[in-house]
Amino acid sequence: MRLNRYLAQCGIASRRKAEEFIRSGRISVNGQTVQKLAVQVDIRHDRICLDERLIEPAAERKYILLNKPKGVITTVDDPFKRKTVMELIPGIPGLVPVGRLDFDTEGVILLTNDGELNFRLSHPRYKIDKIYLVTLNRPVNAADLERLKKGVNIGDSRPARASNPEKVAGRRIRLTLHEGRKRQIKRMFTALRYEVTALRREQYAILRCDDLKLASWRYLTREEIVKLKKIVGFGHGNSR
Ligand code: URA
């Protein structure tokens, strides 16, 4: 296969951008810089790199969106033999959850074997939006909604904040987090003297699973993958 076609197929860049990478000497085949577009490569045996990073065929990367039910742990293996999210989805090598939800939390969880995307989505720098629907043991008051916005001391080195906390009905509120500290929402409400009686993640970045029953999954659409990559600055025009 022609090198420029292979690069485009791997999803590292558009065909035109891939040609720029080749011309500017950023692509190597088996350790040798290659600057000719028409070079033929054997994709089963040749080691093709962009800036010394191996380029793998896009077809091998999988992106699964699961509507996690309660009673399932978000890890690949559980030493206590509790049911894991992996038991609800197809067995795909290298697939891991992006971040985590507690055992008793429901909702959107992404699983992928795309290590670079997972790394970037999990990096605090990108402040990915995570929207939660929280049910409390009693109605929240306006002063506490303000406290959530300003920051609540949960015993860490810095306060934990929520964006756009809004009362939905009675004991329910919706809020957005931009970080993913352990049991963050429960700890924030404990600090304000509430108890979280149910927790559902409604959205992760642009991903929602309103179309999925609890414990069901689907592959992301091409459009969702492109949007996610764009949010964390990788994909077209970038290094992949
Ligand atoms: N905050 C929590 O307390 N639990 C979760 O599962 C997610 C956010």
Side-chain angles (χ1 to χ4, degrees), residues 64-80 82-89 95-112 118-140 144-168 171-210 212-217 228 231-232:
I64 283 185
L65 182 66
L66 171 70
N67 187 358
K68 178 193 172 298
K70 289 183 206 166
V72 178
I73 191 156
T74 318
T75 49
V76 176
D77 266 318
D78 181 40
F80 302 107
R82 286 172 295 182
K83 188 168 178 171
T84 75
V85 286
M86 308 315 285
E87 293 171 48
L88 299 173
I89 55 166
L95 207 74
V96 291
V98 178
R100 70 180 153 225
L101 290 176
D102 292 342
F103 188 68
D104 54 356
T105 302
E106 294 177 355
V108 177
I109 184 97
L110 171 67
L111 298 105
T112 184
N118 191 344
F119 174 77
R120 290 188 184 217
L121 286 170
S122 308
H123 199 288
R125 166 179 172 189
Y126 294 104
K127 297 188 168 52
I128 298 300
D129 283 354
K130 297 156 198 125
I131 303 180
Y132 291 89
L133 186 64
V134 189
T135 310
L136 300 169
N137 60 332
R138 62 185 172 93
V140 73
D144 286 334
L145 285 181
E146 271 313 298
R147 282 190 197 111
L148 288 168
K149 270 200 270 188
K150 289 210 177 98
V152 179
N153 182 0
I154 57 171
D156 293 346
S157 55
R158 22 186 203 96
R161 289 194 177 78
S163 303
N164 311 319
E166 48 160 9
K167 199 163 173 168
V168 180
R171 298 181 292 116
R172 286 195 151 173
I173 73 165
R174 181 171 286 118
L175 54 78
T176 305
L177 295 188
H178 297 296
E179 47 181 2
R181 293 190 230 169
K182 207 168 181 197
R183 301 183 65 252
Q184 183 167 340
I185 292 178
K186 289 175 194 146
R187 288 159 67 207
M188 288 170 83
F189 281 101
T190 301
L192 297 175
R193 299 185 203 295
Y194 295 83
E195 192 193 324
V196 173
T197 58
L199 186 57
R200 175 169 178 79
R201 182 152 76 186
E202 297 184 316
Q203 189 166 329
Y204 178 85
I206 46 114
L207 303 176
R208 296 187 64 94
C209 58
D210 309 309
L212 291 173
K213 287 193 190 136
L214 277 173
S216 308
W217 65 272
L228 268 187
I231 291 172
V232 292

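These numbers come from the heavy atoms of this one structure, side chains and all, not from hydrogens, waters or symmetry mates. In listed order, ligands and their atoms are each counted from 1. For clarity, every value in this text was computed on a predicted model and none was experimentally measured.
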With no hydrogens and no angle check, is any side-chain donor or acceptor of Lys167 less than 3.5 Å from a backbone partner on Arg172?
no
Hey, does Lys186 come in under 3.5 Å of ligand 1, counting only N/O atoms on both sides?
yes
Provide, to 0.1 Å, the distance between atom 4 (N) of ligand 1 and the closest protein heavy atom, together with that atom's residue and name.
Asp102 OD2, 2.7 Å
Between Leu199 and ligand 1, which part of the residue brings a heavy atom under 4.0 Å of the ligand: side chain, backbone, both or neither?
side chain
Classify the side-chain pair Arg147/Asn153 by whether it contains a donor and acceptor separated by less than 3.5 Å.
no
Ligand-side contact atoms (ligand 1) for residue partner Thr105, heavy atom cut-off under 4.0 Å
4 (N), 5 (C), 6 (O)
Can you see which heavy atom on Val85 is nearest to which on Val72, and at what distance?
N-CG1, 3.3 Å
Cationic tip of Arg82 within the cone over Phe103's six-membered ring, i.e. under 6.0 Å and within 45° of the normal?
yes
Provide the number and element of each atom of ligand 1 under 4.0 Å from a heavy atom of Gln184.
1 (N), 2 (C), 3 (O)
Does any N or O of ligand 1 fall below 3.5 Å from an N or O anywhere on Tyr132, backbone included?
no
Select one of side chain, backbone, both or neither to describe which atoms of Ile185 lie under 4.0 Å from any atom of ligand 1, heavy atoms only.
both
Are the side chain of Asp129 and the backbone of Ala205 linked by a donor-acceptor contact shorter than 3.5 Å?
no
What's the verdict on salt bridge (Lys or Arg N to Asp or Glu O under 4.0 Å) for Asp156 and Arg187, showing C-alpha distance, side-chain angles and the deciding distance?
CA-CA 10 Å; Asp156 293 346; Arg187 288 159 67 207; 2.7 Å; yes
